Amino acid sequence: MTARPARLTAALLAAGLLASLGACSSSAAEEPAAGSTAEESAAPEALAEAPELRLGYFANLTHAVALVGVDDGTYQDALGDTTLTTSIFNAGPAAVEALFGGAIDATFIGPNPAINAFAQSNGEAVRIVSGATSGGAQLVVRDGIDSPEDLVGTTLATPQLGNTQDVALRAWLAEEGLETSLTGGASDVTIAPQENSQTLDLFKAGQLDGAWLPEPWASRLVVDAGAHVLLDEKDLWPEGDFVTTHLIVATDYLSKYPGTVKKLLEAEYATSEWIAANPDEAKTLSNTVIEKLSGKPLSAEVLDRAWGNLRITLDPVASSLQTSADHAVAAGTSKKTDLQGIYDLTLLNEVLAENDQEPVSDGGLGVSGT
């Protein structure tokens, strides 16, 4: 982790973080002012904080709010005495497995793995506490494929079985009248879930016909391997707005340590504000972190193309979640489940209010109608 630069000091100050990093954990009360009672001058009850926060995210531009904020120290600064440890994943199902196994407490993740985690635990294990990114996913294919009909007999990759892009591809193919199989049975299109880096190599070798991928991988196939866009996922959504990445927390952790989760959200807010004010610098920093995590930076052309497809937002775009859930049921990767209670945006909306921002909606799927 590099030292937090001056540019993020400004963002932290704007979010009111540097002045309050120790406020929630402090147990020492200030002396009452003259003429006041102890009851009148007592501070509000502090929210409980954890000794450690174990956070997951991906080496994808769709996780830029984590790439930037973790690397430059904003997250650790906000967490104060809570130790931040991180884990990097290729796709959502692996992150959910780690959360279920007690290896992490929170993770940036796509909508469908979060839905699956909620469904598999009967609505008990996880809560979505914030958004992170909208947009930034495309179906890119080789030359000679120019329509859905051209996909018959092809093999397409996704990051992992049941992840957000995997579900989106299966659902879209079904809408186009093309069959797929979860078990390797007869199908019109073969879907091969695999590591994104492997997808790039196999596409270059002519062993794959295309892939539905998040950024920067969609752009890497286009720029580095000669693919072209058959479908930009934003074209499937009203006004092009849909959740690509949001932040989930283990319910038990959220219940025990709301103070830590709020500080995590304060760090995410500060980082997102800085990214919005400094998009070029944020883009470059994200690429630097991707190089650290993957061993190779993105080319300037890939970086520019991919960054332009994203929108960093703490709004979880809740209106798109039920549709994603319906897609997963139709694709056979998830059972039908009632999503009521999957969101808990209480702490996020507190952070937004403290920074004079409008609250975000849970679309009626919150634990308390936030």
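For the numbers below, each heavy atom of this structure counts, side chains included, while hydrogens, waters and symmetry mates do not. Along the sequence shown, residues are numbered consecutively beginning with 1. Note that the structure is a prediction, hence the values are computed from the model and not measured.
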Participant: Side-chain contact test, heavy atoms from C-beta onward, threshold under 4.5 Å: evaluate it for Thr333 versus Leu182 and give yes or no.
Facilitator: yes

Participant: Could you grab the distance from atom OG1 of Thr158 to atom CG of Asp166, nearest 0.5 Å is fine?
Facilitator: 3.5 Å

Participant: In the single-linkage hydrophobic clustering (I, L, V, M, F, W, Y; side-chain heavy atoms under 4.5 Å), do Leu314 and Leu55 co-cluster?
Facilitator: yes

Participant: Side chains of Glu301 and Ser299: donor-acceptor distance under 3.5 Å anywhere?
Facilitator: no

Participant: Mind checking whether Leu173 and Ile191 have side chains closer than 4.5 Å, heavy atoms only?
Facilitator: yes

Participant: Please identify which of these residues, Lys263, Lys262, Lys256, meets the side chain to side chain contact (heavy atoms under 4.5 Å, CB included) condition with Glu49.
Facilitator: Lys263

Participant: Is any side-chain heavy atom of Asn196 closer than 4.5 Å to a side-chain heavy atom of Asn60?
Facilitator: yes

Participant: Between Gln165 and Leu169, is any pair of side-chain heavy atoms under 4.5 Å apart?
Facilitator: no

Participant: For Tyr343 versus Ala318, what's the shortest heavy-atom pair and its separation?
Facilitator: OH-CA, 3.2 Å

Participant: Any chance CD of Glu179 has more than 12 other-residue heavy atoms, nucleotides or ligands included, within less than 6.0 Å?
Facilitator: no

Participant: Tell me whether Gln340 contacts the main-chain N or O of Gly366 through its side chain, where contact means a donor paired with an acceptor under 3.5 Å.
Facilitator: yes

Participant: Hey, are the side chains of Arg127 and Val249 touching, using non-hydrogen atoms and a 4.5 Å cut-off?
Facilitator: no

Participant: Is there a donor-acceptor contact under 3.5 Å from the side chain of Asn355 to the main chain of Gln357?
Facilitator: no

Participant: For residues Leu53 and Tyr253, determine if any side-chain heavy atom of one lies less than 4.5 Å from a side-chain heavy atom of the other.
Facilitator: yes

Participant: Check whether any side-chain N or O of Ser255 sits under 3.5 Å from a backbone N or O of Thr251 as a donor-acceptor pair, and report yes or no.
Facilitator: no

Participant: Which heavy atom in Phe118 sits nearest to a heavy atom in Asp338, and how many Å separate them?
Facilitator: CE2-O, 3.3 Å

Participant: Is there a path of hydrophobic side-chain contacts, each under 4.5 Å between heavy atoms, that joins Leu202 and Leu161?
Facilitator: no

Participant: Go through the steps to decide whether Arg311 and Asp241 satisfy the test salt bridge (charged side-chain N to carboxylate O under 4.0 Å, His left out), and finish with yes or no.
Facilitator: CA-CA 9 Å; Arg311 183 172 73 89; Asp241 208 16; 3.0 Å; yes

Participant: Is there a path from Leu236 to Leu156 through hydrophobic residues (I, L, V, M, F, W, Y) whose side chains come within less than 4.5 Å of each other?
Facilitator: yes

Participant: Kindly work out whether a path of hydrophobic side-chain contacts (I/L/V/M/F/W/Y, heavy atoms less than 4.5 Å apart) joins Leu265 to Ile104.
Facilitator: yes

Participant: How many angstroms lie between CG in Leu310 and OG in Ser286, if you round to the nearest 0.5 Å?
Facilitator: 9.0 Å

Participant: Quick one: do Asp209 and Val141 satisfy side chain to side chain contact (heavy atoms under 4.5 Å, CB included)? Show the steps, please.
Facilitator: CA-CA 6 Å; Asp209 299 293; Val141 295; over 6 Å; no

Participant: Between the main-chain N or O of Gly162 and the side-chain N or O of Arg170, is there a donor-acceptor pair closer than 3.5 Å?
Facilitator: no

Participant: To the nearest 0.5 Å, what is the distance between CG (Asn309) and CD (Glu233)?
Facilitator: 11.5 Å

Participant: Measure across His246 and Ala114 and return the closest heavy-atom pair with its distance rounded to 0.1 Å.
Facilitator: NE2-CB, 3.4 Å

Participant: Ignoring hydrogens and geometry, is there a side-chain-to-backbone donor-acceptor pair from Asn163 to Gly92 under 3.5 Å?
Facilitator: no

Participant: For Glu215 and Leu61, indicate whether the former's side chain and the latter's backbone hold a donor-acceptor pair under 3.5 Å.
Facilitator: no

Participant: How many angstroms lie between CG in Leu285 and NZ in Lys283, if you round to the nearest 0.5 Å?
Facilitator: 13.0 Å

Participant: Between the side chains of Asp72 and Thr74, does any donor sit under 3.5 Å from an acceptor?
Facilitator: yes

Participant: Do Phe108 and Val65 make a side-chain contact, defined as non-hydrogen atoms from C-beta onward lying under 4.5 Å apart?
Facilitator: yes

Participant: How far apart are the C-alpha atoms of Thr313 and Asp315, what are their side-chain angles, what is the distance that settles it, and do they pass the side-chain hydrogen bond (donor to acceptor under 3.5 Å, both in side chains) test?
Facilitator: CA-CA 5 Å; Thr313 175; Asp315 185 342; 5.1 Å; no

Participant: Mind checking the CD-CG spacing from Glu149 to Asp188? Nearest 0.5 Å is all I need.
Facilitator: 11.0 Å

Participant: Of all heavy-atom pairs between Val96 and Ala117, which one has the smallest distance, and what is that distance?
Facilitator: CG1-CB, 3.7 Å

Participant: Tyr75 versus Thr86: any side-chain heavy-atom pair under 4.5 Å?
Facilitator: no

Participant: Between the side chain of Thr245 and the main-chain N/O of His63, is any donor-acceptor distance below 3.5 Å?
Facilitator: no

Participant: Would you compute the distance between atom CD1 of Ile275 and atom OG1 of Thr271 and round it to the nearest 0.5 angstrom?
Facilitator: 6.5 Å

Participant: Would Thr82 and Tyr257 count as a side chain to side chain contact (heavy atoms under 4.5 Å, CB included) if you check the C-alpha gap in whole Å, the side-chain angles of each, and the deciding distance to 0.1 Å?
Facilitator: CA-CA 11 Å; Thr82 298; Tyr257 306 117; over 6 Å; no

Participant: Main chain of Gln138, side chain of Asp232: is a donor-acceptor contact present, judged purely on distance under 3.5 Å?
Facilitator: no

Participant: Applying side chain to side chain contact (heavy atoms under 4.5 Å, CB included) to Leu247 and Leu348, what does each step give before you reach the verdict?
Facilitator: CA-CA 11 Å; Leu247 176 60; Leu348 173 62; over 6 Å; no

Participant: Apply side chain to side chain contact (heavy atoms under 4.5 Å, CB included) to the pair Ile88 and Tyr57, showing each step before the final yes or no.
Facilitator: CA-CA 5 Å; Ile88 307 302; Tyr57 56 99; 3.5 Å; yes

Participant: For atom CD of Glu97, is the number of surrounding heavy atoms from other residues, nucleotides or ligands below 6.0 Å larger than 12?
Facilitator: no

Participant: When you measure from the side chain of Thr164 to the backbone N and O of Asn112, does any donor-acceptor pair fall under 3.5 Å?
Facilitator: yes

Participant: Answer yes if Ile109 and Ile342 sit in the same cluster of Ile, Leu, Val, Met, Phe, Trp and Tyr residues linked by side chain heavy atoms under 4.5 Å apart, and no otherwise.
Facilitator: yes

Participant: Counting distance only, does the side-chain N/O of Ser134 pair as donor-acceptor with the main-chain N or O of Phe242 below 3.5 Å?
Facilitator: yes

Participant: For a quick test of reading the model, state the closest non-hydrogen atom pair linking Ala91 to Phe58 and the distance between them.
Facilitator: C-CZ, 3.4 Å

Participant: Does a donor on one side chain sit under 3.5 Å from an acceptor on the other, for Glu291 and Asn287?
Facilitator: no

Participant: Quick check: closest heavy atoms across Thr62 and Gly136, and the distance to 0.1 Å?
Facilitator: CG2-O, 3.9 Å

